[in-house]
Protein chains: 2
Amino acid sequence: MAEVAKLAGVSVTTVSHVINGTRPASDATRRAVQAAIDRTGYRPNTLARALARGGTQSLGLAISGLSNPYFMDVVAAVEDAAGRAGHTLLLGDTREDPEHELRIVRTLAERQVDGLLLAPSVGALETTLPWLESAEVPVVLLDRFLDVELDQVGCDNEQPTARLVEHLIDVGHTRIAMAIGIPGLSTTDERVRGYRMALDQAGVPFDPTLLADGGSQRDQAREAMHALLDLDQPPTAVVSGNNFMTIGLLRALNERGLRVPDDIALVAFDDFEWADLFAPRLTVIRQPTTELGSRAVELLLSRLEDPTRPVRTERLEATFVHRDSCGCTGSSRAAHAAV
Amino acid sequence: MAEVAKLAGVSVTTVSHVINGTRPASDATRRAVQAAIDRTGYRPNTLARALARGGTQSLGLAISGLSNPYFMDVVAAVEDAAGRAGHTLLLGDTREDPEHELRIVRTLAERQVDGLLLAPSVGALETTLPWLESAEVPVVLLDRFLDVELDQVGCDNEQPTARLVEHLIDVGHTRIAMAIGIPGLSTTDERVRGYRMALDQAGVPFDPTLLADGGSQRDQAREAMHALLDLDQPPTAVVSGNNFMTIGLLRALNERGLRVPDDIALVAFDDFEWADLFAPRLTVIRQPTTELGSRAVELLLSRLEDPTRPVRTERLEATFVHRDSCGCTGSSRAAHAAV
DNA sequence: CTGTTAGCGCGTTCAG
DNA sequence: CTGAACGCGCTAACAG
């Protein structure tokens, strides 16, 4: 930069100002500076600028399960929204582990991100969040809700899950199992509540043995499904708590030679882009993932603009997508004839 | 930091050194400093450190199609590998557009990333790469190969695609269409070469009308498939150039009421995690995506360590996964009975 | 409209 | 084993 200044015959101050348009400059000097910049191949050092200005124009995203297509849509949306606002995205995977999450969040904060998007793991309330509060980093929570004074965005879980279960009951099922995610996550707890609510309202007795811990993960869900099938009275229908577990459940059913929906019905939380193209065509709840990501960024940006604004919690609506895996079309053949 | 120094009764120099373990210090002072750090809640400013040291411990990843599950696995692997090495990941989507790609790469470089991973778009050779060279940013190319003096990692494309086509020919197909990606991408070109090679070797005449431009994208592939079906002599088999296009092709077939593999065979480049669980069970080429990401990071790190090391180009092996969508099991019923 | 100067928070020579 | 002083590259008063 000093080089540019010398070459343009002006001071570094002027260079800085023409670069940032921070204050008026004569056409002549502006051109001179521009020319010098071009000739030297000068490129600004964002770090130095951030250090001087106290603001990095960057956002951190701490999330788990990057390989989960659901979260990837979120990441894509966040990257896009952040980019539009002139911010760069720093990415970290929490691994759903509070210890690791804290390390990630810490790293991000030490890199002076202007704000942080976090999908808090179970345990965040005792580790990450206290730290974040004392560090005074602007945060918005993503996907999972927590009982804290922070901006939060997520989806409705209870009612949609109830809808899924109701539907199975309508078709005639009474032994309905559910593969649930990590206990303690608001998403998990709310979905379980929705499940129970639907049972209650239909007068179907709740059987705890039908609630299988799938740990939000594929392989664990697979094992859970096998256990369910080993029950004296195995379920005639399953509801999956998220997309990862859906794969695991199906793998287990596959290993047992059971067909969906003929031998067992399956409905799931989380849609797949291709879900209507393959058999069994899954009946699911679809979350507005893209909107989730972009809303979260908007909330964060607005908080950066006005740190005193009261916190806001937003529930996005999820939609019921009716296909064939619930087995209610009558013709199970229809499901198999897909594509 | 000054605060910590005062509280510990030492100089900032000492604080810096005990933090970094840069030089010996008496147990007493070390403890004093540590105590002061704990009490002040001091957290290091990575930016200032980077500015002083000239090195950010951060890597940039510029890639397109974040919503593509294939690339997401890569992102996950890169994040993991980078994290292990103590680096933070800065993420940017190139949108497969050289202009935007340049902006992304520039932003990343101005943020002083130590190195950059890039999946170059078509046109990068004229825009991004010259800039990167003059900016002297360490780079490793990802997924797509280019004729430049840079480290590169990607998969084998030609032979695997040929394998796919050979297989279709073995089953008796001769009118084999292919949905191809963006022309100019090495992945596209190599896959097309593989396609032609297999035809040649089998003595099947090459018909250019069967080569449909799917633009690496879902919707474009869908339209391309419709066009193929409108041909006087429509194909009896299709090979998809990547996973995005596979979805598009299937959507078109679905819209026509055509079943795979009964009415038309389909094989594809890129596997899906769930591909063996749904019908039609896709016969595909699987890329080692995780390995791709981690190898790329390793290459980049080794380059940072030794900038003079000769460039290396690595081809990872892709594997042929035989399932039912090729229609060669004889019993097409088997395909539909899945799950 | 422009230049001088003092930091931003830290690492790192040099002297002790 | 420890401290003082300078500089990383840039912005922002404060003068002029």
Side-chain angles (χ1 to χ4, degrees), chain A residues 1-37 40-58 86 88 106-114 135-137, chain B residues 1-37 40-58 86 88 106-114 135-137:
Chain A
M1 181 152 164
E3 196 184 334
V4 174
K6 205 184 307 169
L7 216 152
V10 297
S11 73
V12 288
T13 308
T14 303
V15 175
S16 170
H17 280 121
V18 324
I19 287 178
N20 299 307
T22 309
R23 82 182 179 192
S26 81
D27 250 35
T29 55
R30 214 179 312 151
R31 260 197 302 278
V33 170
Q34 192 52 53
I37 286 180
T40 52
Y42 163 79
R43 49 201 192 92
N45 183 328
T46 311
L47 261 49
R49 167 183 314 202
L51 188 57
R53 273 215 283 234
T56 55
Q57 295 281 98
S58 68
T88 302
R106 220 174 181 134
T107 305
L108 259 22
E110 287 172 0
R111 283 184 189 276
Q112 312 295 122
V113 293
D114 291 338
E136 296 182 342
V137 183
Chain B
M1 183 155 162
E3 198 186 333
V4 173
K6 204 183 307 167
L7 215 151
V10 298
S11 75
V12 289
T13 308
T14 303
V15 175
S16 170
H17 279 138
V18 326
I19 287 178
N20 299 307
T22 308
R23 84 181 176 193
S26 79
D27 249 34
T29 55
R30 213 180 312 150
R31 260 196 302 277
V33 170
Q34 192 53 54
I37 286 179
T40 52
Y42 164 79
R43 48 204 192 90
N45 183 328
T46 312
L47 261 50
R49 166 180 314 198
L51 189 57
R53 273 214 287 234
T56 55
Q57 295 281 95
S58 68
T88 302
R106 219 172 180 136
T107 305
L108 260 23
E110 287 174 358
R111 280 194 154 38
Q112 312 295 121
V113 293
D114 291 339
E136 294 181 343
V137 182

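These numbers come from the heavy atoms of this one structure, side chains and all, not from hydrogens, waters or symmetry mates. Residue numbering restarts at 1 for every chain, and letters A, B, ... go by the order of the sequence lines. Since this is a predicted model, take the numbers as computed values, not measurements.
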*Asks:* With a cut-off of less than 4.0 Å, is there a side-chain N or O of T22(A) near OP1 or OP2 of dA12(D)?
*Replies:* no
*Asks:* Could you state the interatomic distance from CG (L47(A)) to CZ (R111(A)), rounded to the nearest 0.5 Å?
*Replies:* 9.0 Å
*Asks:* Give S16(B) one of three labels, base, sugar-phosphate or nothing, depending on what nucleic acid heavy atoms sit under 4.0 Å from its own.
*Replies:* base
*Asks:* For R31(B), check salt bridge (Lys or Arg N to Asp or Glu O under 4.0 Å) against everything at least two apart and list the hits.
*Replies:* D27(B)
*Asks:* Could you tell me from which nucleotide to which nucleotide of DNA chain C, 5' to 3', there is an atom under 4.0 Å from chain A heavy atoms?
*Replies:* dC1(C) to dG9(C)
*Asks:* State, yes or no, whether a side-chain contact exists between V15(B) and V10(B) at a heavy-atom distance under 4.5 Å.
*Replies:* yes
*Asks:* In this structure, how many angstroms lie between the P atom of dC10(D) and the CD atom of E3(A), rounded?
*Replies:* 11 Å
*Asks:* What pair of heavy atoms forms the shortest contact from R43(B) to A135(A), and how long is it?
*Replies:* NH2-O, 3.6 Å
*Asks:* Check whether any side-chain N or O of T88(B) sits under 3.5 Å from a backbone N or O of S58(B) as a donor-acceptor pair, and report yes or no.
*Replies:* no
*Asks:* Can you measure E110(B) atom CD to dC8(D) atom P for me and round it to whole angstrom units?
*Replies:* 20 Å
*Asks:* Just by modelled atom types, is the H17(A) backbone N or O under 3.5 Å from a matching donor or acceptor in the R23(A) side chain?
*Replies:* no
*Asks:* Regarding V10(A), tell me which of base, sugar-phosphate or nothing describes its non-hydrogen contacts under 4.0 Å with the strands shown.
*Replies:* sugar-phosphate
*Asks:* Flag the pair I19(B) / R49(B) as yes when at least one side-chain heavy-atom distance between them is below 4.5 Å, and no otherwise.
*Replies:* yes
*Asks:* Closest heavy-atom contact between A25(A) and R30(A)?
*Replies:* O-NH2, 2.8 Å
*Asks:* Could you list the residues that satisfy side-chain contact (heavy atoms from CB on, under 4.5 Å) with A35(B), not counting sequence neighbours?
*Replies:* none
*Asks:* How far does CD of Q57(A) sit from CG of D114(A), to the nearest 0.5 angstrom?
*Replies:* 6.0 Å
*Asks:* For L51(B) and dG7(D), what is the distance between atoms CG and C1' respectively, to the nearest whole Å?
*Replies:* 9 Å
*Asks:* Check the distance between dC10(D)'s C1' and Q112(B)'s CD and give it to me in whole angstrom.
*Replies:* 12 Å
*Asks:* Output the rounded distance in Å from CZ (R53(A)) to P (dG9(D)).
*Replies:* 18 Å
*Asks:* For dT2(D), take OP1 and OP2 only and decide whether either is under 4.0 Å from a side-chain N or O of T14(B).
*Replies:* no
*Asks:* Please report the distance, rounded to the nearest Å, between CD1 in I19(A) and C1' in dG9(D).
*Replies:* 11 Å
*Asks:* For A48(B) and for T29(B), locate the closest nucleotide of DNA chain D by heavy-atom distance; then report the residue assigned to the nucleotide nearer the 5' terminus.
*Replies:* T29(B)
*Asks:* Give the rounded distance in Å between these two atoms: CZ of R30(B) and P of dC1(D).
*Replies:* 9 Å
*Asks:* Can you find a heavy atom in the side chain of Q112(A) that is under 4.5 Å from one in the side chain of N45(B)?
*Replies:* yes
*Asks:* Using the side-chain hydrogen bond (donor to acceptor under 3.5 Å, both in side chains) criterion, which residues pair with Q34(A)? Sequence neighbours excluded.
*Replies:* D38(A)
*Asks:* Mind grabbing the angle between the end helix axes of the helix from dC1(C)-dG16(D) to dG16(C)-dC1(D)? Five pairs an end, 10° rounding.
*Replies:* 40°
*Asks:* Among dT11(D), dG7(D), dG9(D), which is the nearest nucleotide to the side chain of A52(B)?
*Replies:* dG7(D)
*Asks:* Let me know the distance between CE of M1(A) and C1' of dT11(D), rounded to the nearest Å.
*Replies:* 8 Å
*Asks:* Can you give me the N/O atom pairs linking the protein to nucleotides 4-6 of chain D at distances under 3.5 Å, or say none if there are none?
*Replies:*
| residue | atom | partner | partner atom | Å |
| --- | --- | --- | --- | --- |
| dA4(D) | N7 | T13(B) | OG1 | 3.3 |
| dA4(D) | N6 | T13(B) | OG1 | 3.1 |

